[in-house]
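For this chain, numbers begin at 1 and follow the sequence in order.
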Amino acid sequence: MDFERTQQLAHTVRLLAADGVQKANSGHPGMPMGTADMAAVLWQGFLHFDPDDPLWLNRDRFVLSAGHGSMLLYSLLHLFGFAVTLDDLKSFRQWHSRTPGHPEKGCLPGVECTTGPLGQGFGMGVGMALAAKVMANRFNTGDFSLINHRIYGIVSDGDLMEGISAEAASLAGHLKLDNLLYLYDSNRISIEGSTDLAFTEDVGKRFEAYGWKVFHADGHNLRELFEVTGKALEDRTAPKLIVCRTHIARWSPAMEDKAESHGSPLGAEEIKATKKVLGWPQDKDFYIPDEVAAFCRKRVDELKALHCAWKTQYAAWRKEHPDLAEKLDGALKKELPGELEKTLIENLPDKDEATRVSSGAVIQKIGKLIPFVMGGAADLEPSVKCHIKGAGSLKPGDFSGRNIHFGIREHGMGAILNGMALYGGIIPYGSTFLVFSDYMKPSVRLAAMMEAQVVFIFSHDSVFLGEDGPTHQPVEHLGALRIIPNLRVIRPADAMETAMAWFSALKRKEGPTALVVSRQNVPQLKRAARFDASLITRGGYILEDSKKPSPDVILLASGSEVHLAQRAHELLKAQEIDARIVSMPSIEVFLDQEPSYRHSVIPRNFARVVAIEASLTRDWDRFTAPSGLTIGLTRFGDSAPAKTIAQHYGFTPEKVAERVAVWLKEKEEVKAFPAL
């Protein structure tokens with residue numbers, strides 16, 4: 001390695017970052033200036049990529065977990081020939097800029113994932129490394145290693161303080177993900193000051209306890225960084241962490257090692273002073289020396305030759321292994337088998353069954369039909385029923401299975417699933433109880449933001465969980481998930497709706513889906529002969545219609561409360577009250593339908609709508625306001641058998657029917673005797 005030129009490259013990166021933050025008058029200059037040396041060594045000496053083919057299957061992935069230092073990544077992408085212009089760097093953090101304040105998947109080629117919330121990038125990198133191991137196991141052959149790349153990342157003190165990193169690191173060490181290497185920017189500075197205020201542990205020893213190989217280097221000594229990184233990569237037994245002692249805002253005379261440099265521009269005069277120290281033209285912003293540009297181009301040419309050689313071998317591999325090539329194409333395109341919808345709704349049960357059990361049965365069908373679907377649970381599989389039978393489990397060093405045991409690590413599980421989805425060739429799923437969706441909410445939110453196709457299975461979906469009590473009974477969680485943009489939440493009512501929920505999740509490539517399923521048994525809904533199951537995928541549909549031209553009332557419900565609405569209607573008929581029953585497994589999907597369909601299900605300005613759901617009911621106000629009725633919860637639950645809870649909270653057919661009848665009578669009385 002040419003260390004003199006690499007040092008010049010590092011200075012170019014740190015000053016581009018400082019200039020970008022200064023021009024925006026906003027951002028984080030300290031981290032890019034402190035990590036520029038390690039980044040220059042990594043990109044110039046180790047990282048494999050092709051800027052003209054940024055989605056090359058066998059590229060190394062680079063994850064900037066400390067996403068606040070985004071100008072580091074943007075500067076590297078520009079210097080190494082990606083479709084990132086100098087104007088992009090100059091428009092950092094501006095309206096509709098391609099260079100947002102934190103890296104966002106899709107904003108620029110070469111940005112592998114959306115980072116910024118600390119620890120998320122760490123977890124996603126673990127997911128990418130796991131996905132690469134799975135794909136290599138499936139498609140590498142004796143004559144060609146189709147997939148043999150690595151996952152690299154830069155992580156910060158803040159990343160490693162976050163609990164999500166501990167969860168993901170623990171699993172990575174257990175599984176021996178030796179294709180993963182993180183450079184730890186140990187600058188010992190946080191927003192409040194020295195990390196000694198709250199963080200004095202020996203991080204290296206912690207990671208050794210997780211099963212990682214730990215190395216140490218001076219984060220500003222290029223030769224040492226190069227030698228230590230090379231030595232680390234020789235290890236084939238475990239993930240690697242290189243603890244790099246660095247200085248935030250390196251080379252800034254007044255701001256080096258100062259907490260103020262974390263999140264504020266250095267100031268024009270301080271940038272000039274820094275450029276003077278480094279021998280840079282003080283009157284030139286966004287300056288790139290010609291020799292640095294040539295140095296980067298030379299490296300890119302070398303990498304293109306590597307890519308070209310890989311493509312030659314890849315073509316030969318496809319010719320030699322046409323069956324594997326076809327499977328690879330199907331996985332990367334996420335091609336679903338024909339008549340999948342029909343297959344999933346065949347042989348449905350005719351007895352009461354929890355929708356978690358129905359989901360488990362659907363997973364068995366999917367497991368046989370779609371080999372690139374895989375996943376697991378946060379140590380809850382016996383309860384959530386998501387094991388693919390006969391498919392084996394991932395084990396340390398053995399990636400031939402399709403079942404993942406995440407351990408009790410919901411937060412880490414969410415990020416790992418996101419990384420697997422972003423890697424490609426896999427539709428991952430992960431499951432836990434709905435009440436614990438709070439532990440993984442940041443990951444769910446990022447999945448929606450990144451449009452990652454992840455299936456989150458949340459079981460034990462209501463107070464009918466029963467005896468475990470309010471700590472485990474979700475009441476506000478449905479609403480909390482439903483308000484996340486681009487997250488599709490589906491709460492099926494029976495086996496058919498569960499099968500169609502899975503069908504929708506598998507078809508949906510532009511974002512995640514949350515399947516919310518019950519612990520308790522529910523009846524199979526009564527449907528009309530020749531019922532069109534595709535109506536379920538519209539989010540809401542008429543399950544049972546009134547015999548009258550206009551119904552006396554519309555009973556609207558989701559999940560386990562749909563059969564409750566049907567049974568309550570049977571009692572209401574005795575009082576000559578005829579209802580339309582609407583099942584709405586997904587409010588968001590229903591609201592995305594064309595107005596004509598929505599109004600055919602719930603007529604515009606229809607005032608007699610009753611929404612029934614065993615949780616907080618604010619989600620239903622859009623259908624019941626201003627004068628409708630909601631039957632739900634306004635408090636946490638209680639520890640008691642499910643039947644007792646239903647009785648006391650009013651979720652029995654008799655109590656629902658009584659409440660609806662009284663409410664309708666009150667509405668008629670108000671109409672007959674209007675206020676003066």
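The number of heavy-atom neighbours closer than 6.0 Å to NZ of K133, taken from other residues, nucleotides and ligands shown, is above 12.
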Working note: Q7 + D37, criterion side chain to side chain donor-acceptor pair (under 3.5 Å); need CA distance, chi angles, decisive distance, verdict.
CA-CA 7 Å; Q7 185 66 80; D37 298 314; 3.1 Å; yes
Does the pair L225 and N221 meet the rule for a side chain to side chain contact (heavy atoms under 4.5 Å, CB included), with working shown?
CA-CA 6 Å; L225 283 166; N221 184 321; 5.7 Å; no
Side chain to side chain contact (heavy atoms under 4.5 Å, CB included) for M33 and I248? Distances and angles first, verdict last.
CA-CA 7 Å; M33 296 178 72; I248 196 170; over 6 Å; no
One pair to check against side chain to side chain donor-acceptor pair (under 3.5 Å): E270 and S252. What are the steps and the verdict?
CA-CA 7 Å; E270 184 60 19; S252 169; 2.6 Å; yes
For the pair F286 and K23, evaluate side chain to side chain contact (heavy atoms under 4.5 Å, CB included) and give the outcome as yes or no after the intermediate values.
CA-CA 10 Å; F286 299 94; K23 189 173 190 305; 3.9 Å; yes
Full working for side chain to side chain donor-acceptor pair (under 3.5 Å) between H477 and D438:
CA-CA 8 Å; H477 297 74; D438 285 339; 2.9 Å; yes
Apply side chain to side chain contact (heavy atoms under 4.5 Å, CB included) to L160 and Y184, showing your working.
CA-CA 9 Å; L160 299 189; Y184 166 29; 3.7 Å; yes
Check against ring pair (Phe, Tyr, Trp, His ring centres under 6.0 Å), F436 and F458:
CA-CA 8 Å; F436 299 138; F458 296 123; over 10 Å; no
Apply side chain to side chain donor-acceptor pair (under 3.5 Å) to the pair S26 and R93, showing each step before the final yes or no.
CA-CA 8 Å; S26 171; R93 284 182 165 234; 2.7 Å; yes
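Remark: the backbone N or O of G30 is not paired with any side-chain donor or acceptor of S261 at under 3.5 angstrom. In this structure a side-chain-to-backbone donor-acceptor pair under 3.5 Å is present from R59 to L55. Between the N486 side chain and the E510 main chain, a donor and an acceptor come within less than 3.5 Å of each other. Within the 3.5 Å criterion, the main-chain N or O of G119 finds a donor-acceptor partner in the side chain of D159. A side-chain donor-acceptor contact under 3.5 Å links S97 to the backbone of S91. Checked by atom type and distance alone, the side chain of E112 never pairs as donor or acceptor with a backbone atom of R61 at under 3.5 Å. Looking only at distances, a side-chain donor or acceptor of T114 sits under 3.5 Å from a matching main-chain atom of K105. Side-chain N or O atoms of Q453 include one that pairs as donor or acceptor with a backbone N or O of R508 at under 3.5 Å. Between the side chain of Y429 and the main chain of C386, a donor-acceptor pair closer than 3.5 Å is present. Looking only at distances, no side-chain donor or acceptor of E410 sits under 3.5 Å from a matching main-chain atom of A378.
Between the side chains of S443 and Q120, at least one donor N or O lies within less than 3.5 Å of an accepting N or O. A donor and an acceptor atom, one from each side chain of R250 and H247, are nowhere located under 3.5 Å apart. If you check the side chains of R188 and S194, you find no donor sitting under 3.5 Å from an acceptor. Side chains of S393 and H405: a donor-acceptor N/O pair is present below 3.5 angstrom, by distance only. Checked by atom type, the side-chain pair T237/D235 shows a donor-acceptor distance below 3.5 Å.
Residues L481 and L434 have side chains in contact (heavy-atom distance under 4.5 Å, counting atoms from C-beta outward). Counting heavy atoms from C-beta on, the side chains of Y152 and D60 come closer than 4.5 Å. Side-chain contact check for C113 versus M450: some heavy-atom pair is nearer than 4.5 Å. Counting only heavy atoms from C-beta outward, the side chains of D468 and Q473 never approach each other to under 4.5 Å. Within the 4.5 Å cutoff, side-chain heavy atoms of P253 are placed close to those of V277. Between F80 and R299, some side-chain heavy-atom pair lies under the 4.5 Å cut-off. With contacts defined as side-chain heavy-atom distances shorter than 4.5 Å, the pair M31/D185 qualifies. Using a 4.5 Å heavy-atom cutoff, the side chains of F92 and V21 are in contact.
The aromatic rings of H68 and H262 are tilted relative to each other, their planes meeting at an angle between 30° and 60°. The aromatic rings of F433 and H472 sit perpendicular to each other, their planes meeting at more than 60°, with 30° as the lower class boundary.
Considering all non-hydrogen atoms of both residues, A129 and L177 come closest at CB-CD1, 4.2 Å.
Ring centroid separation for the pair F46 and F226 comes in under the 6.0 Å cut-off. Checked against the 6.0 Å centroid threshold, H149 and H48 do not count as a close aromatic pair.
A salt bridge is absent between R98 and E104; no separation between the charged side-chain nitrogens and carboxylate oxygens falls under 4.0 Å.
With L73 as reference, L64 is the one residue of L108, T115, L64, T99 to meet the side-chain contact (heavy atoms from CB on, under 4.5 Å) rule.
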